[in-house]
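One structure is given here, and the rest of the page talks about it.
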There are 2 protein chains.
Amino acid sequence: MPVPKGTALDPDRTRATLLASATGILYERGLDGVGVAELCRAVGASKETLYRHFGSKDGLVEAVLEARSDRVVHWLTEAVEAAGPDPHAQLTALFDVLGDWYRQPGFRGCAIVNAATQRHAPPARTLADRHLARYGELLTGIAERAGAREPALLGRQLLILLEGATVVADHHDPHGRAAEDAKQAALALLSAQGA
Amino acid sequence: MPVPKGTALDPDRTRATLLASATGILYERGLDGVGVAELCRAVGASKETLYRHFGSKDGLVEAVLEARSDRVVHWLTEAVEAAGPDPHAQLTALFDVLGDWYRQPGFRGCAIVNAATQRHAPPARTLADRHLARYGELLTGIAERAGAREPALLGRQLLILLEGATVVADHHDPHGRAAEDAKQAALALLSAQGA
DNA sequence: AGGAGATGGTACCGATCGGTTCGATGTGAG
DNA sequence: CTCACATCGAACCGATCGGTACCATCTCCT
């Protein structure tokens, strides 16, 4: 986490460290909730270093969101694949790991969607679109392999459930059952499509 | 919309006008995307007037969100009641008006949820919680009247669908069918609960 | 040994932030 | 007519914003 004192050795290493540190703070406090000065203090880097690596605060934000999207999609995909070939088991596994995420102490919703809510401009908005599209591919794939009558429709509905559960878990879920509710709904929709 | 030049007649009238004007700009640009100076310019009021009525920018934001929550919940409730006593028709009407909302030119998601995403502090977060709770009551009521086996569960699942559709419509809905997809899912869940 | 490059720290820049104050203007109620 | 009040417009405040420049330091490579 701390950047080594003086180093000409790890240009990329430093960048990765800054990215990882900044991710957490920007998520917790919001993109506009933390200034560049405090950001540097928190990640243990100087302004010059940060600007040399990312060009601007928006550049840093973009890099953070891009990395986060990749990481999250990869994480969910792995959870699905680890559940074996059965689509029911895959959906169950997916909403279970989502539930684990929702229950983590600092959970504040989806970082990419949150960012797009805070910045109506292209970088964040575009990334959110791509992020949800990736979710959609993952979910539609499950619907197809399950033999659903309308896999594309079911995939979009599963995406709605996923995003809805994330929002509800963030803003109104006193008993922490959003993921479980969504899971049951997902399985019910799967059954209703004869799968 | 324009505030009358000089007036000792409408203390409350002015407040209502400011509230209505500010609502649109804060929604379009985000709570932190517009400063108080520009806000005043846009609503056609001076800083002094604004601060006398609302005390602070956060005070204005809180008043705006409170009014918006009341208005939206009342609007959805009316749409449901206007659909007659049949729960299927009520759900259909609800997601249809949501679809109309999603298709409006300046649609940017739910203002209250967006605000809570931008401000992690009590005023906005609390209002979002209450806002979703109100949605939940409306939806659970439909589930009960439909004779669902588990109306509370179904109500929560319908809330997930509503919020999910709103997020998807905002960030990734190239063909504008989020509301329709959610509606079909809602009716399917209703049927699956024997209602 | 020495040069090149990455870094931390700090001072600094203009712009904007939320918020306050003041005077001028116009309105309504007495 | 007069007084109280609401309002506008603008000046002003300290703080913070994103971003730049400079320099001493440290590590690696030659």
Side-chain angles (χ1 to χ4, degrees), chain A residues 1-22 25-26 28-65 115 118-124, chain B residues 1-22 25-26 28-65 115 118-124:
Chain A
M1 185 164 329
V3 177
K5 293 294 287 187
T7 256
L9 178 65
D10 292 337
D12 306 333
R13 199 68 154 181
T14 300
R15 183 188 155 99
T17 303
L18 296 184
L19 218 70
S21 299
I25 306 159
L26 289 172
E28 295 166 15
R29 308 269 299 272
L31 305 187
D32 295 323
V34 49
V36 173
E38 185 183 357
L39 201 44
C40 290
R41 211 177 311 133
V43 305
S46 67
K47 277 192 172 188
E48 185 167 353
T49 299
L50 193 149
Y51 277 96
R52 179 157 29 79
H53 279 287
F54 301 102
S56 67
K57 185 184 180 181
D58 281 340
L60 169 66
V61 166
E62 185 174 354
V64 162
L65 295 179
Q118 291 162 28
R119 300 230 186 289
H120 299 163
Chain B
M1 188 157 326
V3 178
K5 294 294 287 188
T7 257
L9 179 64
D10 291 336
D12 305 333
R13 199 66 155 182
T14 300
R15 183 189 156 99
T17 303
L18 296 184
L19 218 70
S21 301
I25 307 159
L26 289 173
E28 295 166 17
R29 308 268 299 273
L31 304 188
D32 295 325
V34 49
V36 173
E38 186 183 357
L39 201 44
C40 289
R41 211 177 311 131
V43 306
S46 66
K47 279 191 172 189
E48 182 167 354
T49 300
L50 194 149
Y51 277 95
R52 182 160 25 81
H53 278 288
F54 301 101
S56 69
K57 185 183 182 183
D58 281 339
L60 169 65
V61 166
E62 184 173 354
V64 162
L65 295 179
Q118 290 162 29
R119 299 228 186 291
H120 299 163

Just distance, no hydrogens or angles: give the donor-acceptor pairs under 3.5 Å from side chains in residues 38-52 of chain B, sequence neighbours left out.
residue	atom	partner	partner atom	Å
B/Glu38	OE1	B/Arg29	NH2	3.1
B/Glu38	OE2	B/Arg29	NH1	2.7
B/Glu38	OE2	B/Arg29	NH2	3.1
B/Ser46	OG	B/Thr49	N	3.4
B/Ser46	OG	B/Thr49	OG1	3.1

Euclidean distance, atom CD of residue A/Glu62 to atom C1' of D/dG18 [Å, nearest integer]:
17 Å
5' precedence on DNA chain C between B/Glu48 and B/Ser56 (nearest-nucleotide basis)
B/Ser56
Are B/Arg15 and B/Phe54 packed together at the side-chain level, in the sense that at least one heavy-atom pair is separated by less than 4.5 angstrom?
yes
Not counting sequence neighbours, which residues clear side chain to side chain donor-acceptor pair (under 3.5 Å) with B/Asp32? List them please.
B/Arg119
Would you say B/Ser46 places a side-chain N or O within less than 4.0 Å of OP1 or OP2 belonging to D/dT7?
no
Contact summary for B/Ala115 and B/Ala124, nearest pair of heavy atoms
O-CB, 3.9 Å
Quick one: is C/dG8 close enough that its OP1 or OP2 comes under 4.0 Å of any side-chain N or O from A/Thr49?
yes
Nearest 0.5 angstrom please: A/Ile25 CD1 to A/Leu31 CG, how far?
12.5 Å
May I have the distance from A/Leu50 (atom CG) to C/dT7 (atom P), rounded to whole angstrom?
11 Å
Whole-Å distance, B/Tyr51 OH to C/dT21 P, equals 12 Å
Between atom CZ in A/Arg52 and atom C1' in D/dG19, what is the gap in whole Å?
15 Å
How many whole angstroms separate atom CG of B/Leu60 from atom C1' of C/dG19?
14 Å
Is there any protein nitrogen or oxygen under 3.5 Å from a nitrogen or oxygen in nucleotides 11-17 of chain D, and what are the pairs?
none

Starting from P on D/dT20, measure out to CZ on A/Phe54 and report it in whole angstrom.
15 Å
Quick one: is A/His53 getting a side-chain N or O under 4.0 Å of the C/dT7 phosphate, OP1 or OP2?
yes
Report the distance from atom CG of B/Leu65 to atom CG of B/Leu26, rounding to the nearest 0.5 Å.
8.0 Å
To the nearest 0.5 Å, tell me how far A/His53 NE2 sits from A/Leu18 CG.
6.0 Å
Nucleotide nearest B/Ala45 (side chain, heavy atoms from C-beta), chosen from D/dC8, C/dG8, D/dT20
D/dC8
